[in-house]
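Worksheet: one structure, shown below.
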Amino acid sequence: MRVGKLKIKAQLYCGDELAMGPGKADLLEAIDRGGSISAAGRAMGMSYRRSWLLVDSMNRCWQEKLVETVAGGGHGRGASLTLTGKAVLAAYRRLEAGLAEAASAGVLGELDALLRAVPLPPTSASVSEAA
């Protein structure tokens, strides 16, 4: 999410694995709307495999599953958020809102006032140092 010129990306880790971030939160919302992992993936422009791997990662990182699946053809199949999944999603969205609110405070304005609209072109010294 962007607040002015600042990009805020809250990520929670379980060991070295990303347990929750903006993309996973969006996927949870899409599953909640569409009732399946495949529909959520399609809505987000990702493959079923990628969607499934993200759900699997989330389910392994949290103390309880965030997404419950029902396999098989016919009525009653699909996926839904568990109570824990809904709680994690809501708490994550509150965290994002709190970060955006904090970023909107005076400090961001101070930095913004000192920031150029566009960077200066590279100097010949910086080009030769990079080589």
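Summarising the geometry of P22 relative to E96, their closest heavy-atom pair is CB-OE2, 4.1 Å, with the distance given to 0.1 Å. Taking each heavy atom of A10 and L95 in turn, the nearest pair found is CB-CD2, 4.1 Å.
Between the CG atom in L115 and the CD atom in E110 there is a gap of 13.5 Å [rounded to 0.5 Å].
Proximity of D32 to K86: side-chain heavy atoms (C-beta onward) are separated by under 4.5 Å at one or more points.
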(Q) Show, in sequence, the C-alpha distance, side-chain angles and deciding distance for Y92 and L12, and conclude whether the side-chain contact (heavy atoms from CB on, under 4.5 Å) test is met. (A) CA-CA 9 Å; Y92 180 80; L12 292 125; 3.7 Å; yes
Q: Would you sort out whether W62 and T82 count as a side-chain contact (heavy atoms from CB on, under 4.5 Å), showing the intermediate values?
A: CA-CA 12 Å; W62 296 91; T82 64; over 6 Å; no
Q: Start with the C-alpha distance between L27 and M58, add both sets of side-chain angles, then the distance that settles side-chain contact (heavy atoms from CB on, under 4.5 Å), and finish with yes or no.
A: CA-CA 11 Å; L27 180 59; M58 287 186 282; 4.2 Å; yes
Q.
Please evaluate residues K24 and L18 with respect to the criterion side-chain contact (heavy atoms from CB on, under 4.5 Å), reporting the C-alpha separation (whole Å), side-chain torsions for both, the decisive distance (0.1 Å), and the verdict.
A. CA-CA 9 Å; K24 286 184 175 180; L18 180 62; 4.3 Å; yes
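Remark: of the listed residues L89, N59, L83, L81, N59 is the sole one forming a side chain to side chain contact (heavy atoms under 4.5 Å, CB included) with L66. Considering D56, I37, I31 in turn, I37 is the only one that fulfils the side chain to side chain contact (heavy atoms under 4.5 Å, CB included) rule with S51.
With a 6.0 Å radius and a threshold of 12 heavy atoms from other residues, nucleotides or ligands, E64 has its CD atom at or below the threshold. Summarising the local packing, CZ of R60 is surrounded by more than 12 heavy atoms from other residues, nucleotides or ligands at distances under 6.0 Å.
Y48 and V55 fall within the same hydrophobic cluster, defined by Ile, Leu, Val, Met, Phe, Trp and Tyr side-chain heavy atoms under 4.5 Å apart, directly or through other members.
Side-chain N/O atoms of E17 and S57 include a donor and acceptor closer than 3.5 Å.
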